[in-house]
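Each remark here refers to the structure printed beneath this line.
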Amino acid sequence: MLMTISLLMENKPGALMRVTGLLSSRGYNIESLTVARTLDPSLSRMTITVDVDSRLRALVIKQMNRLVNVLQAADLSDSPAVMREMVLLRIRVTMENRTAILKEAEIFGGRVVDSSVEGFALEATGDPEKLEEFIAVMESYGEIEVTRSGMVAVSLEAKRLRLAPPIPKSHGETVEAS
Amino acid sequence: MSNLMSGARILLECLTREGVDVIFGYPGGVTLPLYDAIYDNPIRHVLVRHEENAAFAAAGYARATGKVGVCCATSGPGATNLTTGLVDAMLDSIPIVALTGQVSSKLIGTDAFQEADTFGITRPCTKHNFLVKDIKDLALIVHEAFHIASTGRPGPVLVDITKDVLMGMAHYAPVNEIHLPGYKVVTEGHAGQIRRAAQMMWEAERPYVYAGGGILAASASPELQDLVETLDCPAVCTLMGLGGLPGSHPNFISMPGMHGSYAANMGMYECDLLIALGVRFDDRVTGRLASFAPHARVIHVDIDPAEIGKNRVPDLPIVGDAKRVLSKLNRVLKELEPEMAGKNSAGRKAWWGQMRAWQAEHPLEPVFAADEIKPQHLMYEINKLSGGKAIVSVDVGQHQMWAAQFIRFDEPRTWICSGGLGSMGFGLPGAIGAQMAHPDKTVFCICGDGGFQMALPELATLANQGLPVKVVIMNNGYLGMVRQWQDLFYNNRLSAVQIECFPNIELLAAAYGIKGRIVQSPAELVPALRAALDEPGPYLLDVRVTQFENVYPMVPAGGAINEMVLAPPQPVAVPK
Ligand SMILES: Cc1ncc(C[n+]2csc(CCOP(=O)(O)OP(=O)(O)O)c2C)c(N)n1
Ligand SMILES: [Mg+2]
C-alpha cells in the first residue's frame, strides 16, 4: 500500500541519501519525493510516497527516526493530513479547441501560465486522483507534456517535536560507551 | 603557545581529548599530513598489513574494552578496504571511529588519483558518516563522531577528511558543546513499564532470560546477574552476549540458537515469560519465528526503538539503556518480592526441574578420541587453561561454534567474535586489537584453517608488535562449516571446501621470526598449549583435528527451535 511519509531533517549534504538509501536497500520504489527548505533554512521538509508492506510501515518510520539527521519522521497515511500535488502541463492547441480547453482547465482549477499560437502551459494543483483526471481530459484534446511535482503534505495534527539537547564536552574527558 | 594548528594536529588533539591511546591504520598519499603529525604524538599507531584488519582490530579493541576503537586509512583503496570491518561493527553494534583521507576538496568529483566516494560508499556501512571539507568543522565533527559511535546503540562512524583540511591551518579552540538535535537517545526506561515488567516476572511460572550483546554494550553484567539471582530463573546468553552472565553461574544454561544446547533451546520453546535483554531476535537464535517461544509473553528491553517489534512483537517493550533499566527493575523486583515471590514457587521449582532434566538428557559434552584430536577436545583443553578468564578471539565457522559451546566466559568482554556479519578473517586482527587493549591478559585467537589464511598478513603485525597472542588454528582441512552444510543438505557433494596446500606452520612462523608448532596427537595437545602459554611472545599452533566432525546440536536453517538435530552417536574415549 502507498505510504506517505513526512520528514523534518537537517539540511545537510548526504541527508537525503540516508533517507532514500533506507528505502532502496529494501528494494522499495519511491513513487514521489519532494524536498525543500523550511522557514528555518538549516532544516528541510520532505514528503515521500512509497509502496511499503503495511506490516513494515512502523519499522520504516522508526528506522528513519533513528537517522542522525532526521528530526522527525511521521507516517501520514492514516492520520489527518492535507496532501497536494502540482502539475505543469503543456498542450498543443488548434484555433478551434482553444476555448474548450480553457473551460476544461477552469473546471479543474487550472491556470494558464503561458499562452502562444501553438498552445498553452497550464498549472493545476490538487490531490493525485483529481490531477489524474485533469491530465486524462487534457490528453483527449491533443498532444501533451506533463511534469508532476510529487506529493507535498502537511499534517493536521500538532505533533510535539522532541529534539535532543546540546551535550557539554568537558576538557580532557574520556568518552565511554554507555 | 599559539593555537594555530594544522588540521592533522587538530584531529590528533581531538582524539586525545576523546581518550584515544591507539590507532590501527595504514598510511597513504592523502593521509601523509596526518602521519607526519602522528610521528611525534604520544598516541600509538599500529601499522596493520591490510585496512580491513585495521577496522577489525579497532573493533577487537572496542569489544575488549567498551571504549571507542579507532582505525585509519587513506583515500580510495584504503577506504574501500575498510568497508567489511565497518559493516561488521554495524551488525554487532561495536563503537569504532574510522578516519579516512580524501583527495583535496577542489579535486573531489574529478576522478582524481585514489579518489573514491567514501562518503557515499560507507553511508550504508555506518551508523553515521561525515565528510569534512572545511577545517573549521573538523574538531566539532570529530567529537560528534565519537559521541554517536559510543552512545545509544553503539556503532561505527566514519569521518572522511580531505587532504587540504589535514594540511590547512586554523586556530584551534576546544569544543565545549555538541548539538545533534535529531540524535535522540532514550536511556531511562519508562517507570510504569518497568513496574509492569517486574510484576510479569513474579507472575510467571516459567521465566527465562535471553540476554545479548546489549548487556555488554551497556556494561550491565552486574545488573543482569542481580536480576537472574533475584528471580532465580534460568538464563541464556547469545553468541554476542557470552560473558554477560558468568559462564560458571549456576543459572546460566548456555548459548541458544542454531548451535545452542538442547536445554537452552527447549527452555526458549517452553518458557511462559521471555525476558529479552539487549537482543534482536536474530534468525540464528530464533529459527522459524512462528515457532519461537510460542507459549511465552515477551518483555523486550532495548535502547534502539527500531528493534522493538522488528522480528517479534513484545507484550511489554521497554526502550532504554540496559544498565539503567535493569537497576531500576531490580529495585522494583525486590520491593515486590515479599508479596509476590511465594505465589508460583511450586511452578518455578518444577521449571528448574525441567531445565535440569533437559541438561542431563542431552548435555553439551566434549567428545574425545584416543587416536585423534576432536575439535571439542581442543576447546575443552583451552577452556581448562583459560579458567573462564582468558580473552578468546574467534574467527567464523565450526571452530567458532565449538568455542562458544565449550569455553566458559566468566567476565564480560573476553569473548571477541564477529557475530552478525560472520566475517572470516576477523579472529586474528580481533585478537590483536584485544591484546593491544590488555597487554597483560592471555589472549587466544582460535581460527579455522580457512579463516586463518584470510588474516595471514597480520602475522607480520603480530610479530612486529611482539604481541603474545596464542593463535590456535583448528585445522580440519576443510572450510568445515560449509562442508557440514554440504554434508547435511547437499548429499555430501563436497564442492570447493577442501583446503589444500595449507602452509607448514612451523616454517611459516619461523619466516616471521616467531614460534610455531604442529600438533597431531591427543597426547601432544596439552603440552603444546602450555608451551604456547609459557612463551612470552606470539605463538602459532596448527592443531590437526578430526576432519569430518559436525557441530551439534543443530537447528536447520528455518527450522523450529525445539526441533534440533542432536549429535549422532560418537565413540567416546576419555584421554588419561
Ligand atoms: C568472508 C567470508 N567468506 C565466506 C564465508 C562463508 N563461510 C562461513 S564458515 C566458512 C568456513 C570456514 O572454514 P574454516 O576457517 O576452516 O573454519 P571451520 O569451519 O573449518 O572451523 C565459510 C567459507 C564467511 N563467513 N566469511
Ligand atoms: Mg577448517
Side-chain angles (χ1 to χ4, degrees), chain A residues 7-27 38 40 42-46 53-74 159-178, chain B residues 14 16-21 62 65-68 93-95 119-120 123-124 127-131 133 139-140 143-144 146-154 157 174-187 216-219 303-311 313 321 323-324:
Chain A
L7 279 131
L8 185 64
M9 60 188 198
E10 291 180 286
N11 185 6
K12 285 198 171 162
L16 174 68
M17 186 174 70
R18 293 180 209 283
V19 173
T20 55
L22 209 148
L23 297 169
S24 66
S25 68
R26 286 167 175 68
T38 63
D40 175 349
S42 70
L43 302 181
S44 304
R45 170 71 66 181
M46 186 167 174
D53 186 326
S54 58
R55 284 166 306 165
L56 291 174
R57 273 158 52 173
L59 179 64
V60 165
I61 294 291
K62 283 191 205 170
Q63 291 181 338
M64 285 189 171
N65 274 313
R66 188 163 70 176
L67 297 172
V68 173
N69 294 142
V70 171
L71 304 193
Q72 190 178 50
K159 277 218 179 75
R160 200 162 56 90
L161 182 63
R162 214 171 49 80
L163 298 181
I167 302 128
K169 282 221 88 80
S170 60
H171 223 343
E173 74 166 326
T174 44
V175 171
E176 272 188 43
S178 60
Chain B
C14 296
T16 306
R17 283 191 74 199
E18 292 290 350
V20 174
D21 55 3
T65 59
K67 287 170 60 182
V68 177
S93 306
I94 302 301
F119 185 57
R123 195 261 312 147
K127 181 175 174 187
H128 195 69
N129 63 359
F130 295 93
L131 169 62
K133 287 165 69 185
L140 185 62
H143 290 303
E144 287 178 349
F146 275 82
H147 180 71
I148 294 168
S150 60
T151 54
R153 179 179 186 164
V157 178
V175 172
N176 293 321
E177 184 180 281
I178 57 176
H179 192 197
L180 298 159
Y183 181 64
K184 288 152 280 186
V185 179
V186 178
T187 53
L216 300 175
S219 304
I303 197 158
D304 181 1
E307 276 307 324
I308 306 284
K310 185 182 79 176
N311 292 332
V313 178
D321 174 82
K323 193 178 185 73
R324 288 167 190 258

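Every chain is numbered from 1, with letters handed out A, B, ... down the list of sequences.
- Contact annotation for Arg153(B): only side-chain heavy atoms (C-beta onward) come within less than 4.5 Å of a heavy atom of chain A.
- Under the side-chain contact (heavy atoms from CB on, under 4.5 Å) criterion, Ser24(A) pairs with no residue, sequence neighbours left out.
- To the nearest 0.5 angstrom, Lys12(A) atom NZ is 7.0 Å from Phe130(B) atom CZ.
- Within the model, atoms NZ of Lys310(B) and CG of Leu56(A) stand 11.5 Å from one another, a figure rounded to the nearest 0.5 Å.
- Neither the backbone nor the side chain of Leu131(B) has a heavy atom closer than 4.5 Å to any heavy atom of chain A.
- Proximity to chain A (any heavy atom under 4.5 Å) is restricted, for Ile148(B), to the side chain, taken from C-beta onward.
- Classification of Glu144(B) and Lys169(A) as a salt-bridged pair fails, no side-chain N sitting under 4.0 Å from a carboxylate O.
- Distance CG/Leu163(A) to NZ/Lys184(B): 6.5 Å, rounded to 0.5 Å.
- Heavy atoms of Asp304(B) lying under 4.5 Å from chain A belong exclusively to its side chain.
- With a 4.5 angstrom heavy-atom cutoff, Leu67(A) touches chain B only via backbone atoms.
- Separating the CG atom in Leu71(A) from the CG atom in Leu180(B) is a distance of 10.5 Å, to the nearest 0.5 Å.
- If you tally non-hydrogen atom pairs under 4.5 Å between each of Arg55(A), Gln63(A), Met17(A) and chain B, the highest count goes to Met17(A).
- Here the closest heavy-atom approach between residue His179(B) and residue Ala164(A) is recorded as NE2-O, 2.9 Å.
- Heavy atoms of other residues, nucleotides or ligands lying less than 6.0 angstrom from CZ of Arg26(A) number more than 12.
- Heavy atoms of Val70(A) lying under 4.5 Å from chain B belong exclusively to its backbone.
- Using a 4.5 Å cut-off between heavy atoms, Val186(B) contacts chain A through its side chain alone, with no backbone atom that close.
- Your options are Gln72(A), Lys62(A), Arg18(A), and the one with the most heavy-atom pairs under 4.5 Å with chain B is Arg18(A).
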